[in-house]
Protein chains: 2
Amino acid sequence: MPVSRQRRATLPDVAALAGVSTAAAGRALGGYGSVSEDVKRRVLDAAEKLNYRTNRLAASVRTGRTDTIGVICADIESPFFARALRGISDVAHSHGFSTLVTNSDEDLTSERNAVQLLLDKQVDGIICAPADVRQVAHLAQAQSSGTPVVLFDRMSDELDADAVIVDGAKAAYQAVSRLIALGHRRIAIVTELRQPREQDWAAYLTRGSEPSLGTLSPSEARLLGYLRAHWDAGVPVRRELVRRTGAYEADSAYKQMKRALALKRPPTAVFLVDNLMTVGAYHAIRDSGIAVPRELSVVAFDDLDWSVLVSPALTVIAQPVYEMGAEAARRLVARIGDRGAPAPGPTFMDVTLIERESTAPPPD
Amino acid sequence: MPVSRQRRATLPDVAALAGVSTAAAGRALGGYGSVSEDVKRRVLDAAEKLNYRTNRLAASVRTGRTDTIGVICADIESPFFARALRGISDVAHSHGFSTLVTNSDEDLTSERNAVQLLLDKQVDGIICAPADVRQVAHLAQAQSSGTPVVLFDRMSDELDADAVIVDGAKAAYQAVSRLIALGHRRIAIVTELRQPREQDWAAYLTRGSEPSLGTLSPSEARLLGYLRAHWDAGVPVRRELVRRTGAYEADSAYKQMKRALALKRPPTAVFLVDNLMTVGAYHAIRDSGIAVPRELSVVAFDDLDWSVLVSPALTVIAQPVYEMGAEAARRLVARIGDRGAPAPGPTFMDVTLIERESTAPPPD
DNA sequence: CTGAAAGCGCTTACAG
DNA sequence: CTGAAAGCGCTTACAG
């Protein structure tokens, strides 16, 4: 026997009580058109009395705007996206937009569904970290149907859109070059390279090839930087030191790190490609009783809460994650406001190599 | 000179191409009412040809349902909410609901605004971690206007709603009792107690008082458990060991921990009330060069990625965070489906004390 | 099963 | 400034 809820007051209700037309009431409440002070006061009074609230859905059907932006995270749970999400939502809110958040889990099908859902819900724009930078037709379609898209954390040569990213190749190059400068010659990398084609990374990331960032996933870009640092320094790349998990999983990173450490000639340094790889690999290092940095130097991508809490404190490449989210939202808001806006393109954010205690020259 | 975007096809467009009425087209596409196979086929063909997609906003205006649930996080960036959010959105999605995510930053005004926004957007239900369990009139109003609310991580005696929580008092009692059993007598607690009234915690959390969980914030509940463990074991509570930051900030926790360690008679154990307190306090412990657990035992609330990566690995109270989010979503979906559903109330989730390396008997 | 019409709750031209 | 009317894109009774 559900309690009969009283119907929510509508605009005609308010208009009637105020003794004006629906149109006038709408103008008084909606901030469009113009109304006399007198009408405005009466309408506001009536609205208050009836506890009236605009049905924004109905308004959206009419205006075509929802004041909502859709966000497609690749992993809503990672500290990276959680922080970026805050940057996005802070900026979005300050411009009057809400955020509809979805999660692709790096899965292309989920991402396509998410895009459809967001379009069906008439979002004004989309921020997306594409699961596959080479499969973005669904995003192109969103754009051509009038919903602007801003890529986040990844860019694609096949989409003429704004993108807010870090140059992963450059960042990795910087980190690995530093390890080489310290004297390391056997540097491992732990990375997911989860796409099938990435299994054969050596085939297309060969020396002399100059792949564009817009064709690489973050992992690939970082691998490329790792390789280039070796090439430029004349240090040979050892295939057995490139530890591929094939999945974005800490457990797999644990195993790969263990295997690297069990090599006949183990690495003297390791580059951990992202947060989850770091969690797994660091765990393996700890379990192995290896002394960091005496026996093994460690550099990780992303500066996290606990980077300074472990012993020794981790040397990291820090991305301006919050700012990246904020900037993505700013770009999107600008493009929503003016669809004929200046040519879209990538915005590169700077990273910082923070040297702490986990890096040192190799043992003799 | 913006490219003129072609108008998105509407239901009448599809109907015209299929040679049927708008109503029939709607029935064929929307899965309501009944249509002949022939009509269905023609409509589906036409829809495909026109690249038609239902405008869910328009449908929602008519049906009154949006298939969207609103979520109000207290801190979208904390690992706790990030993981809970995943539980929520996984379950919501599997039931056909999207999630509109907002952030209150533990601020009551932001929370009130968020509730209004969600209601204006006609969400079908709300999951909220209320900033103040004693100030929930806005949530009561949402419920009475027909939008069910499920409380998350906190419950309130002033709201007759479902709630998915952990008994923080019981959990803290368990942790602190374990420290006492190990022989500790000087146990510090680092906690935010950020509400003004909590400054004078001793005044209402006095011995013999039996405050209900539904009147306490998580911090207060955990403090209560801390106190009760002392009372029951006959161990006196030392006011100087209750370190209040007054804010949910790692930096403040750092300072409070430093002060505790600088006491003439420093604690031999510390109970860290949540993730952010742990980050700050643990940092302080590390900087002080105190040996854990030899000189100081540590128990923290929440099991995090890095709990096992620090040395020594942290003893923690683990909450089933993902499951809490999932359960909250399940409760809400059930209540949306049947508003006259069984009496609402709290669901208590079990915690687990995981003893690792950071706890031991006190030094003699 | 099918269609013409009304309606969800707004906003937008259009006259006055 | 103001109101009557039309319209946003759907879904829902209501007849047939």
J.: Answer yes or no: is there a donor N or O on one side and an acceptor on the other, between the side chain of D13(A) and the main chain of T10(A), under 3.5 Å?
T.: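 At least one qualifying donor-acceptor pair exists.
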
J.: Take atom CG of D120(A) and atom P of dC10(D), then tell me their distance rounded to the nearest Å.
T.: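 The distance from CG of D120(A) to P of dC10(D) comes to 10 Å, rounded to the nearest Å.
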
J.: Could you check how far CG of L57(A) sits from C1' of dT11(D), rounded to whole Å?
T.: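 About 14 Å, once rounded to whole Å.
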
J.: Side chain of V39(B): nearest nucleotide among dG9(C), dT2(C), dG7(C)?
T.: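 Output: dT2(C).
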
J.: Do R27(B) and dG3(C) share a donor-acceptor pair, side chain to base, under 3.5 Å?
T.: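 Pair found.
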
J.: Would a distance-only check, ignoring hydrogens and angles, find a side-chain to backbone donor-acceptor pair under 3.5 Å from D124(A) to D67(A)?
T.: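 Such a contact is found between D124(A) side chain and D67(A) backbone.
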
J.: Give one of base, sugar-phosphate or nothing for V35(A), where a contact means two heavy atoms less than 4.0 Å apart.
T.: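 Since only primed, P, OP1 and OP2 atoms lie under 4.0 Å of V35(A), the category is sugar-phosphate.
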
J.: Checking all strands, does A23(A) fall into the base, sugar-phosphate, or nothing category for heavy-atom contacts under 4.0 angstrom?
T.: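 Counting heavy atoms under 4.0 Å across all strands, the contact made by A23(A) includes a base.
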
J.: Tell whether R56(B) reaches the base of dG9(D) with its side chain through a donor-acceptor pair below 3.5 angstrom.
T.: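 Looking at the base of dG9(D), it does not pair with any donor or acceptor on the side chain of R56(B) (distance under 3.5 Å).
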
J.: Check this for me: does any side-chain nitrogen of one of D105(A) and R86(B) sit under 4.0 Å from a carboxylate oxygen of the other?
T.: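 Here D105(A) pairs with R86(B) in a salt bridge, since their nearest N and O are under 4.0 Å apart.
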
J.: Quick check: closest heavy atoms across P130(A) and L139(A), and the distance to 0.1 Å?
T.: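 The answer is CB-CD1, 4.2 Å.
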
J.: Kindly say if Y52(A) contacts the phosphate of dC10(C), meaning a side-chain N or O under 4.0 Å from OP1 or OP2.
T.: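 True: Y52(A) side-chain N/O within range (under 4.0 Å) of dC10(C) OP1/OP2.
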
J.: Rounded to whole Å, how long is the line connecting atom CG of L29(A) with atom C1' of dC10(C)?
T.: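 Whole-Å distance recorded here is 11 Å.
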
J.: Which base, if any, makes a Watson-Crick or G-U wobble pair with dA13(D), both distances under 3.5 Å?
T.: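 Looking at the geometry, dA13(D) pairs with no nucleotide.
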
J.: In terms of side-chain heavy atoms of L11(A), which of dC1(C), dT11(C), dG9(D) is nearest?
T.: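 Among the listed nucleotides, the one closest to the side chain of L11(A) is dT11(C).
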
J.: Between dC10(C), dG3(D), dC1(C), which one does the side chain of S34(B) approach most closely?
T.: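 Among the listed nucleotides, the one closest to the side chain of S34(B) is dC1(C).
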
J.: Among dT12(D), dC10(C), dG9(D), find the nucleotide with the atom closest to the side chain of N55(B).
T.: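 Out of dT12(D), dC10(C), dG9(D), the nucleotide with an atom closest to N55(B)'s side chain is dG9(D).
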
J.: CZ of R41(A) versus P of dC1(D): gap in Å, rounded?
T.: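 Atom CZ in R41(A) sits about 16 Å away from atom P in dC1(D).
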
J.: Just name whichever nucleotide pairs with dA4(C), Watson-Crick or G-U, keeping both distances under 3.5 Å, else none.
T.: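 Across any shown strand, dA4(C) pairs with none.
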
J.: Of the listed nucleotides (dC10(D), dT12(C), dT2(C)), which one gets closest to any side-chain atom of Y32(A)?
T.: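 Of dC10(D), dT12(C), dT2(C), dT12(C) is nearest to the side chain of Y32(A).
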
J.: Please confirm whether the shortest side-chain N or O distance from S36(A) to OP1 or OP2 of dC1(D) is below 4.0 Å.
T.: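 Checking S36(A) against dC1(D): no side-chain N or O falls below 4.0 Å of OP1 or OP2.
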
